[in-house]
Structures are given as C-alpha cells and as structure tokens.
Engineer: 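First the structure, then my questions, so here it is.
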Amino acid sequence: MAMDEEGSLAGKLPQEPPSGLTIKISTSGSKIGKNILTPLGCSNSDSTSPNLKNSIASSPCNSPLVSPPSSAFVSALQSPYISPRAITPKPQENPAPPENPTPVSHSSPPFSSYRGSQSDDIPSSSYTPPSDQYEYSDDPTEAKLKYVTCVPVPDPAPPRISFSFPVPRISFKGPVSPASNAKLRSCDVYIGYHGQNPNLMRFCKWLKSELELQGIVCFVADRAKYSNTQSHEIADRVICSVTYGVVVVTTSSILNHPSLEEIRFFAQKKNLVPIFFNTDLAEITGLLNCNSIDKECREVIDGLVKSNELKLEVNEGNGRSCVAKAAGILRAKLGRKSVAEKAAEGSEEIPFPRNKCFVGREKEIMEIETALFGCTDSSEQDYAVPIIKGETSGQSEGLADEESDTFSSSRGGRFINLELGGKCKEPTLEAWVEPVTGRNSLKRSKYKKSKSGNYKTLDSSVFCINGVAGIGKTELALEFAYRYSQRYKMVLWVGGDARYFRQNLLNLSQNLGLDVSADAEKERGRIRSFKEQENEAFERVKRELFRDMPYLLIIDNLETEREWWEGKDLHDLIPRNTGGTHVIITTRLSKTMNFDIMQLPPLELTDAMVLMRGKRRRDYPTEELQFLHKFDEKLGRLSFGLWLVGSLLSELAISPCALFEAVNQVPLEDGSTYSYMSMSDEQYCKSNPFLMKLLHFSFIILQQTDGRKNLLALRMLRVGAWFAPASISATLLATAAKNMPAIGNGFRKWTKCVSLAFSCCSGCGLAPQSEEDAATLLVKLGLARRANRQPGCWIQFHPITQVFARRKEGLSAAKATVQGVRKVGNPSINTNHLWASAFLVFGFKSEPPLVQLKAIDMVLYIKKTAVPLAIRAFTTFSICNSALELLKVCTNVLEEVEKSFVSQIQDWCHGSLCWKRNIHGHQRVDEYLWQDVTLLKASLLETRAKLLLRGGHFDGGEELCRTCISIRTVMLGHDHAQTLAAQETLAKLVRMRSKV
C-alpha cells in the first residue's frame, strides 16, 4: 500500500519543505522527462531488502564497504574490481512490492542502500553535506520529482553518539547532471585518517595540498566523524573509485573501525599506501595482536606488512621529507610529471646558518612550540575538543571538514563519549565555542591543557617575541626555524624594517613561485588602476601564504604596525585565519596589534658565562671569571654584548682581565645628537654606554691590526652602516669601501693592556688580504653574521653595529655607499640596497637627502641605478605608485641641475670682463653634460608616460609624452628614432583615451 501511494504521488511537484533529509535521484534508465524518487533508508519503506538492511547495520558507521558473509550483497571489499557505477533496471510503470526482494548483485557498493536508481548529482571532494533544512517539500503535486523524508533505519545496536554543529548545506535542485558525479570519480587519491590531534589534521591537509600542487586530485576524510548515511555513502564511493588509497595510521586508528575497513579494502585492491604518524609498524602490530586476533585484525596486519616497503613514517623531525617522499611515490605510480617549484636564485630558505654556539632559551622554545603546535605530547588524546558553532564562510575541502559529530578518546583502553541529548543542547563535557571564519571548518585545535588540568585557549598561529635590541630575539627565532623546519613546507624570512617591509613581502613571490607583475599594455579590456594592481599582487602573496600548506613566516625586527609607504595596517597582512601557516614576529614594540607577546628575559647567568667564553670554550681561573661577571653586569646581560666579548676572547690572545681594562679605558662619545639618527637609536646608545665602548674597541682593533692603517675590513664596516638591513655581498662592500677617503689617526695611544691586545692581532689571522678575508674578519669579531647566499661571500651587519657606525663615522661613508651601489648594484639581487641608496640621494617623505652628488655623478646614478630600480619595482612586483614617485623625483632633480646650468650662464653673461678672464676651465658649464641631462630628462618623461598608460592615466601620460617629443625634436630632430618612438607612444595614449 505504501508503494502504491508513492507511485501515485510520483508525478507531482513539491510545494513545502520537508522536515527531514530529502534527496532527488534521477534514473539513467528512465524515459526522457521522467525521474524516479526512492526512499533512502526509510523505516516505512517495505521494499528495502532485509539482507541489505542487515548489511548496512552490521558495518560500523553504517558503511556498506564491509558486508557480512550471509548477505546477498556483493561488497566492494569482496569484489575490489567492481565498477562504482550502478546498473539499475528500468522502472516499471506500476511497480508492485515483491515478496522477497533481493538487491542486484552488480549494484554500486557505496550506494547499496539506494533502491532503483543512482544519483548523478553527487558532490565533489569539496562538497558540504546537506543540512537539516531544505528549500523543497514533498507536496504530491510534483509531476516529475518526489521528495521523501528519510527516517533512520532502526538499528538494534546503540545509536551513534555524537555532537553536531550547523554548517552550510547544498540543496539538490535543478536538473540532474553527471558532471558532479564525474568530478567525484576524478579523484586520484583518497587520504583517510582518524584522530583529534591537530598536528595530524595539519599533516593530512599538508599532504593533500602537496599532491594537488603536483596535479593529483585528493579526497581527505575521517569517516568516524560522519553522522549521516549520505556522507558515508559519498566517502565510500570515492574509496571505491580512487586509484590509490593513503591511510595515515596512528595508535588510535586500531580502535577505529572505518580506518581498519580502509586498510583492508585498499590492501585487497593492492593500492594501499600507509603512512605511520608518530608510530611504526611494530607498535601497531603489537597493539592489534593484544587487542584482537580475529580475521579482520589479521587482514589489517597482513595489509600493513605487505605495503610497508615504502617505509613512510612521520615523526616530529621528518614531516617535510615524508610529504615529499609520499608525493614522489604517488606521482610516479600515477605517471605524473614532476612540478618544479620556482625559488629565488642564489638564496637559501633560512637566511643565516645555524648558530652552533646557541645556548639556553629552552623554556622559551618550548613555549613557542606549545603555542603553535599545542601540547608537545603527540598523543591525540591529550588535546581538547573544541565545539565549533556557526557557519563557515565557504566550502570545505572534504567530508572530514564538515561533520565533527563523533569523538572518542582512549585512555588506557577506555573511551570517553561526548553525548548530546538533542541538537540544540550543549554537551555535558565543558567546552568552548570558537566560530569558524576561514574556508575550512576542520581547524587546528586551539585549546591546550594547563598544568592544573583545565583547558585554556591558544591564540591564533601568530607568536610575538618582544625585547630590547640585542637581547637575542633573532637568534631565538633562527634556532626555532632550524629545529622545526621539517614541520613546514618552507621557512620564509622577512625583514620587518619599515622602509623595506613591503618590498620584502613581495620578494616572497619569488620563493613561492608567484607572478605578481603589473599588467602589461593592452588596448582592449578594462585597465585596472595602480591601486588595484598593487592590492592584487599583495593579495596573491597573502592567499598563497595563508592556506592549508604549512609555512613558517618569520618577520624579524618589526619596527611599526603600519606600513611605511602607504600606512597599511598589519591586519592587512596577517588574517585571523592563517590556515596551516605559523607566524613568528620579533619586535621591540611593547604591543603588536592584539597578539599575545612573550617578553624575552635575559639569559641565565650560567648560559651567559658559556657565551662569553667564546667558540673555543676556554677555561679561566677564578680570578678571570670575576671579570667575566663584571662584563655581564656592565652589559646588562645583553646577548649581543656577551657575544662580542666571547668573539674578542676567542680571536685575540688576551685574558678577560686585560680585555676589561682595555675596554674600560675607551672614552665615551660626546652626547651630541645627529639629525640622521632616530630618537630611539640615540636613546639606546646613551642607555648602553659600556656596549658602545666595546664596539669602539672593536673599531680600534680593526684599525691597528698588524700595525697597518686603512684596512679594508674597517672601510667595509664604515660603508656597511649605510646599506639596508639585509645581506650584502663582499664584492659590493669592497667596491664601496674603495671609494672611501683615507682614514686619519683619530685614536689615542692606549695603555699597556691595549697595546698587548694590538700585538696579539697579527698572530690570530686578523690581517685580511682579500675582500672575502675582510668580510670573514668582521664575522669573527661578532660585528656581522654570515648569510646563506650564493655565489660568493655574503654577510649581514647587526643593527646595533650599523647604528654605532653611523653615529661615530657620520656621513663620510654614505657617499661611498652610493657610489658602490651605482657601480655593481644589481637590481635583481640587491633591491633593498638600491632603495637605501635612493633614500640617501633623494630623501623621501619628510626626510631630506643626506648625500649631495655632482651633476655628472647624478646623471650616472639615475641612469644606472634609479631608473632600473623603478622599472623592476613596477613591472616585477607591481609597486606602481612608489616607482612612479621615484621617477618623478629623478625628473625634478634633473630640472634643478638644468636650472643651475642656466644660472651659471646668466651669471657669466652679466659679469665683468675681468671676471670672465679669471674663470677656470673646471668652472665652465659642460655643454655635453648639459645635453646628457636634457636627454635623460626626456627619457624619464617617456618612461613615466608608458607606465601611466598601464594604469589608465592617459591625460597625465599624454602631457609628459608631448614634453618629451618637444625636447627630442629640438635636441635630436624630427626624424630621429627616439623622437619617432615618443610619437608612437603619444599616438597610443590618444587612441586609448578616445576609447575610454
């Protein structure tokens, strides 16, 4: 009778939404324009096979992957080569309920609970299961479609205990199409896991992202979290259709029946790729043998043993290697070509080599690890389970991301169940609510246990290290990066200095293989503004950084929360949901946005003593150790100062007593202020007088080495003070140092102790002969650190060293720095140093220029340095407005040079005849130089016009181009190639403006 009523209502449209789950199913064998609706697991349907009900009910989580031997249903596990597509008979017009219905033997295993037909409207791997509320009803007026309210099949076993939360759903509406079904079957790899360990979830997302980067479509799922039959059926269908199955095996997997199902199924199909997460085959085998010795466990053990030739075992120290190995294996098995990732040429992942003399800070490193990774114990059971409410902002990556309804934690073989009395009730276990704002609802756990046993929230994946300059913030971040680099896809290091912060962020595009170049010239389509292009480049880097691929982003020495060029907030860079990426910020700021900050304390006394003993770890008598304690007291236990002491003691044949007396005799600098020094730097120098004495003593050592003056190392140190806070090649430093004037002897004759220190320099390898030796000497003395860049030798000065050198030497070395950059500065590898030289020559914003160049030097600098820098910044990194501003400043400077030439000519014309006869040759106006200045100005005008064309500024570009044509017509003639080229640019501007 029920089937007759269903048949009579099959041709009517629904008008009201049903109260439960409804699914629309199309029949491939039906006639055109007809669809058949079939109840799924409905308790009031008499047409469902009893054997089929038993088959589903016998499998945990109602999964049809495994059928009992007595069932007439042939499961995919028993027949691994069965097609996932179901072949269903054509429906009869007047179907009668059979007395002994039997399921078709060739039905699709995942959809064994479906009767009649299979739905082609199956979601892809990014599908979100439908919600409890739907837009349609089962009104009997529907002519072609019928919506049946599903009631769960009665199960003698206890109901699945779970807690749920609402997520976005997708209603099955519109015509049935096989497109989504085909997309579902296009998955190459299924990745199954089980557990609440956030690091486990993070690893699975990482593996999925890496495989998708190689062109391998993946489906990630923890089937134990599914609460509805449809989710299980979709996951089961994927399992049966994928080429390879990856099962991430943990100690909790052996207690999870779906994980054991997956291992047995893929092992029988001989396409199992097991990955052991914080465990190994021996441990899993032992646990299985202790737990049970039934047939299923033996099949699981046999499958793992046969598939373990790949030896994929993940632990805290090989995550990156394991992901790369697994991706390589699956790529080779699937016959996919390797996708070579682009990387910055000549640069390493971490900018500095590991500090072999790093001491202490174990407590701080543990605190960072706990904040970013949760509890250090790898057991999943030690993690709290957040109850997530609200809706996600987008679709998630797999069914494991949508349903988090069931969780069981095992402690000594016992299970803790979280039970809900109803959908709207809170769980009995104390929990915290965290709304999901990212596109993935499967988020890393943000809760950890405190020592008291209570749970407390963890901040987002951003950790700030605060401390005064020289306390050791960078060293701590560097050590953390080396220790935990295997937990990340890549370590990305960004300098946080205000002037170079935006350029440093966009430089990440080269490490990530992204194209952030500006739009090319186009005569069709919409032309985006410069602001849109800059924002798009920035967002492209941001999107790549903060997704499921885990990166470690270190922002070193963040100077300000707002970007220097345009005043953008730090929130524009770091979103609330950082995906799999962790961010570590080192800063002197007492507060950074709303992030939690760890105030870095000084080193422990024992660690400070080890650091002062230097690389050679010399043993000193008790009397000498007292002077080490004096160094510690005078320096305020600053790590940088302690490192300087240790470096001097290691490289000089001098005792701590002699060194302390020598440094103590160095006079303090006067208290004068300098206009080019910031207030914070001035205050720091005055607050640390003994550290300034120690640096002054190092300068004296460099000048008096081997009794020779004007050493290359000292010159390199002086010019290095004006470079950007980034790594510098020894070749560039040496070139700039050669432009330095002679160094006078401005030092006193020191005491016997200081003379003893000087006499020891020649025997300790401190007399450099080449530019690389000079750079190495600066590293040995602790004034700089070696950088991981090739080719050649690269070093980077400590910020305190640069501050002291600028304060002591003044502007005498700034001009040499500019000249060195002009001669050998390569925009592709020295971008920040070219910007530093531009700030010195032109100044920016309210800062005046510090270096005055002659006219001929200015022409050469603009032609060789400023113009290439602006064009590269515009075209490669979409730094449009800043590049145009730089070109505009260059044009204004050349106009000032022209005015000075005109002024000299006017003075000469109005002067007396006697005065004219006394003019020397070098005081005359150089006509050739004047011509070069004018033609360079015309070239700048044309370049600016071409760049303005790319941003739709046609009026401004046309005006500049007409001026350029006028200059070239007078200087070169109408038919000159450069004049004709400018006319073509003008024609393009006029044509584009007319179209707009």
Engineer: Out of curiosity, T581 OG1 to D548 CG, how far, rounded to the nearest 0.5 Å?
Structural biologist: 9.0 Å
Engineer: What's the spacing between I275 CD1 and K311 NZ if we round to 0.5 Å?
Structural biologist: 14.5 Å
Engineer: Show, in sequence, the C-alpha distance, side-chain angles and deciding distance for V246 and L211, and conclude whether the side chain to side chain contact (heavy atoms under 4.5 Å, CB included) test is met.
Structural biologist: CA-CA 12 Å; V246 176; L211 292 175; 5.5 Å; no
Engineer: Does R264 reach the side chain of K269, with side-chain heavy atoms less than 4.5 Å apart?
Structural biologist: no
Engineer: Using every non-hydrogen atom in the two residues, find where F546 and N577 come nearest and quote the distance to one decimal.
Structural biologist: CB-O, 4.3 Å
Engineer: Please tell me if the side chains of R320 and R487 come closer than 4.5 Å, counting only heavy atoms from C-beta onward.
Structural biologist: no
Engineer: Enter the distance from N197:CG to F277:CZ here, rounded to the nearest 0.5 Å.
Structural biologist: 5.0 Å
Engineer: Just by distance, no angles: are the side chains of T250 and S253 close enough, under 3.5 Å, to form a donor-acceptor pair?
Structural biologist: yes
Engineer: Any side-chain heavy-atom pair from C240 and F265 closer than 4.5 angstrom?
Structural biologist: yes
Engineer: Which heavy-atom pair separates A326 from L207 by the least distance, and what is that distance?
Structural biologist: CB-CD1, 4.1 Å
Engineer: Does either side chain, that of Q486 or that of S321, offer a donor lying less than 3.5 Å from an acceptor on the other one?
Structural biologist: yes
Engineer: Supply the atom-to-atom distance I329 CD1 to E309 CD, rounded to the nearest 0.5 angstrom.
Structural biologist: 8.5 Å
Engineer: Is there side-chain contact between V300 and E296, with heavy atoms separated by less than 4.5 Å?
Structural biologist: no
Engineer: Any idea which heavy atoms bring A267 and G303 closest together, and the distance?
Structural biologist: CB-CA, 3.6 Å
Engineer: Give me the atom names and distance for the closest heavy-atom approach of G195 to S252.
Structural biologist: CA-OG, 4.2 Å
Engineer: Quick one: list whatever passes side-chain contact (heavy atoms from CB on, under 4.5 Å) with R336, sequence neighbours left out.
Structural biologist: D188, I216, R331, L334
Engineer: Less than 4.5 Å apart, any side-chain heavy atom of F276 and any of L312?
Structural biologist: no
Engineer: Mark yes or no for whether S241, through its side chain, and V238, through its backbone, hold a donor-acceptor pair below 3.5 Å.
Structural biologist: yes
Engineer: Main chain of L310, side chain of K325: is a donor-acceptor contact present, judged purely on distance under 3.5 Å?
Structural biologist: yes
Engineer: First locate atom CD of E313, then atom CD of E283, and finally report the distance between them rounded to the nearest 0.5 Å.
Structural biologist: 10.5 Å
Engineer: Would you confirm whether N315, through its side chain, and N318, through its main-chain N or O, come within 3.5 Å as a donor-acceptor pair?
Structural biologist: yes
Engineer: If we only count heavy atoms from C-beta on, is the R202 to P550 side-chain gap below 4.5 Å?
Structural biologist: yes
Engineer: Side-chain contact, heavy-atom cut-off 4.5 Å: V249 with Y193?
Structural biologist: no
Engineer: Nearest 0.5 Å, please: how far is CG in L213 from OG in S209?
Structural biologist: 8.5 Å
Engineer: Return the minimal non-hydrogen interatomic distance between C218 and C187, and the atom names on each side.
Structural biologist: O-SG, 4.3 Å
Engineer: Between D236 and R223 (salt bridge meaning N to carboxylate O under 4.0 Å), is one present in this structure?
Structural biologist: yes
Engineer: Taking all non-hydrogen atoms of both residues into account, name the closest pair between V248 and C204 and its distance.
Structural biologist: CG2-SG, 3.9 Å
Engineer: Start with the C-alpha gap between L330 and Y244, add the side-chain angles, then the distance that decides, and say whether side chain to side chain contact (heavy atoms under 4.5 Å, CB included) holds.
Structural biologist: CA-CA 8 Å; L330 291 170; Y244 288 96; 4.0 Å; yes
Engineer: With side chain to side chain contact (heavy atoms under 4.5 Å, CB included) as the criterion, how do V189 and F219 come out once you've worked through the C-alpha distance, each side chain's angles and the decisive distance to 0.1 Å?
Structural biologist: CA-CA 6 Å; V189 175; F219 188 97; over 6 Å; no
Engineer: Do K205 and V220 touch side chain to side chain, with heavy atoms closer than 4.5 Å?
Structural biologist: no
Engineer: Is the distance from the ring center of H582 to that of F373 below 6.0 Å?
Structural biologist: yes
Engineer: Hey, mind stepping through L200 and N278 against side chain to side chain contact (heavy atoms under 4.5 Å, CB included) and telling me if it holds?
Structural biologist: CA-CA 9 Å; L200 170 64; N278 286 337; over 6 Å; no
Engineer: Under a 4.0 Å threshold between the charged nitrogen and the carboxylate oxygen, would R547 count as salt-bridged to E544?
Structural biologist: yes
Engineer: For the pair E212 and K208, find out whether any cationic side-chain nitrogen is under 4.0 Å from an anionic carboxylate oxygen.
Structural biologist: yes
